[in-house]
Amino acid sequence: MLNFEFYNPTRNLFGKGSLEKLHDLMENYGQNILFLYGGGSIKRNGIFDKVMEQLRDKNVIEMGGVESNPTLDTLRRCIARCREEKADMVLGVGGGSVMDSAKMVAAGAVYDGDVWDFLANHDQLPQKALPVATVVTMVGTGSEVNQNFVLTNPQTCEKVGKNGGDACFPQFAICDPEYTYTVGPYQTASGAFDTIAHVFEHYFAEADQYMPIQDGMQEAIIRAVITELPRVLEEPDHYEARANLMWAAQQALFGIADMGKGHGERVEHKMEHILSAKYNCAHGAGLAVVVPPFRRYMCKLQPKKYRQFAENVFHLDCTSLSDYEAGIKGIEALEAFIHSVGLPTTLRELGASGPDDVEFLASELVKQGRVTKGTGIGYNELKEMYASVY
Ligand code: NZQ
Ligand code: ZN
């Protein structure tokens with residue numbers, strides 16, 4: 001097991017009616033509140049009004065329009081507004097895009113430079129940030145309980161993720177599964193698959209070491225997504241299933257389940273980020289396309305771990321199979337699951353318009369230095385993986 005230090009200060013208010021605690025919680029955070037949200041879903045489903053009611057004693061600075069896969073220009077605009085209005089706190093109400101943006105605005109507002117510096121320079125962490133908090137409306141990223149953020153620069157086709165350090169942990173997260181009832185089937189499935197991809201990055205790391213606690217938790221998270229997502233697709237306001245998906249997403253990326261494991265270079269996330277930078281696709285949908293070819297590639301290198309996945313997650317009978325054959329059987333089961341929940345399996349479904357795209361995606365990732373040689377994966381491997389799902 002790798003050495004680790006566990007720290008997560010975010011107060012998690014989970015469950016039905018938890019928004020009612022917002023009013024009292026806000027007492028600690030000053031008067032001027034930047035209320036950040038996305039393209040308008042919260043106005044249509046009534047969450048906006050409910051939040052405003054809780055903020056009744058505050059001076060609310062409303063800032064909507066954060067797009068899915070938030071862009072640098074939008075963040076610059078939000079940060080400028082946050083400074084002008086002298087906000088004391090940033091409250092992000094939405095999915096991963098809004099919650100990530102809330103963290104970047106909170107850090108960018110008190111930083112004497114451009115927000116892209118945090119993304120462009122690997123070692124540059126925000127040293128401080130305004131207090132930030134979230135109300136979750138879409139499940140998958142776990143952004144509500146972690147310190148990460150992701151930003152896209154469409155001009156350069158770069159989408160970069162960052163662990164923002166201690167300053168970027170939300171103070172609290174309001175997580176009411178009922179608020180996700182209105183998320184449509186495609187976005188729901190996309191978020192759920194994002195959860196699986198987050199677990200994968202740790203589950204398959206340190207594959208030769210015996211870590212029954214981490215493996216057991218991670219297998220449970222993936223199994224939960226596999227059983228609960230179909231229940232939600234069948235019945236979108238199924239409280240229990242929505243709650244299980246929400247908790248799975250948080251467990252996948254808030255620290256506990258992956259302690260003591262590395263996560264390599266998060267290659268599949270980088271393979272996806274270039275897709276959402278280029279095609280503006282849903283993050284989890286992009287992952288659904290690139291995870292299987294990446295895992296097929298890795299199965300050759302660590303077949304034993306992939307057998308474990310097939311047997312413990314999908315409960316497949318692999319007795320007469322080699323480790324590699326068993327691993328591939330597990331990946332095939334995953335592909336069947338992806339197909340069954342309506343997620344895409346090809347680049348074309350995300351917007352790729354010709355074989356040149358494959359070339360572009362592989363070369364751009366290498367050019368941006370996003371996937372380094374240390375992984376054993378270079379231009380040729382990337383091209384082969386993308387081509388296999390064109
Ligand atoms: O913008 P609105 O109108 O609110 O609509 C959103 C958006 O169109 C809609 N939505 C959200 N809540 C809804 C709803 N529609 C109906 N009812 C509701 N209750 O859903 C759409 C997608 O929302 P978005 O926030 O973009 O999705 P997601 O939560 O998947 O976040 C994606 C972003 O998070 C980053 C991704 O790269 C991407 O930029 N990630 C952040 C991570 C983190 N902080 O740890 C890790 C992830 O790996 C990921 O990279
Ligand atoms: Zn993700």
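Keep in mind that this is a model prediction, so the values were computed, not measured. Every number for a ligand or one of its atoms is a count from 1 in the order of the listing.
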- Query: Cation over ring, K162 on F149, under 6.0 Å and within 45°?
  - Reply: no
- Task: Determine whether any heavy atom of H198 lies closer than 4.0 Å to an atom of ligand 1.
- Result: yes
- Message: For ligand 1 and T180, I'd like to know whether there is a polar contact (N/O to N/O, distance under 3.5 Å).
- Response: no
- Query: Taking both backbone and side-chain atoms of G39, is any N or O found less than 3.5 Å from an N or O belonging to ligand 1?
  - Reply: yes
- When the ring centroid of F309 is compared with that of F200, is the distance short of 6.0 Å? yes
- Task: Examine all N, O or S atoms of E272, backbone included, and report whether one is under 2.8 Å from the Zn ion (ligand 2).
- Result: no
- Looking at the rings of Y306 and Y324, which for Trp means the six-membered one, are their centres under 6.0 Å apart? no
- Item | Pair S363, E359: side-chain N/O donor-acceptor within cut-off below 3.5 Å | no
- Is G40 close to ligand 1, meaning an N/O of one under 3.5 Å from an N/O of the other? yes
- Message: Distance under 4.0 Å to a non-hydrogen atom of N45: what atoms of ligand 1 satisfy this?
- Response: 17 (N), 18 (C), 19 (N)
- Query: Any protein heavy atom lying closer than 4.0 Å to atom 17 (N) of ligand 1?
  - Reply: yes
- Task: Kindly confirm or rule out an N or O of H283 lying under 3.5 angstrom from an N or O of ligand 1.
- Result: yes
- Check: F35 ring centre within less than 6.0 Å of Y37 ring centre: yes
- Query: Do R348 and Y390 meet the cation-pi criteria used here (NZ or CZ under 6.0 Å from the six-membered ring centre, within 45° of the axis)?
  - Reply: yes
- Query: Of all the non-hydrogen atoms in the protein, which one sits nearest to atom 35 (C) of ligand 1, and at what distance?
  - Reply: D100 OD2, 3.6 Å
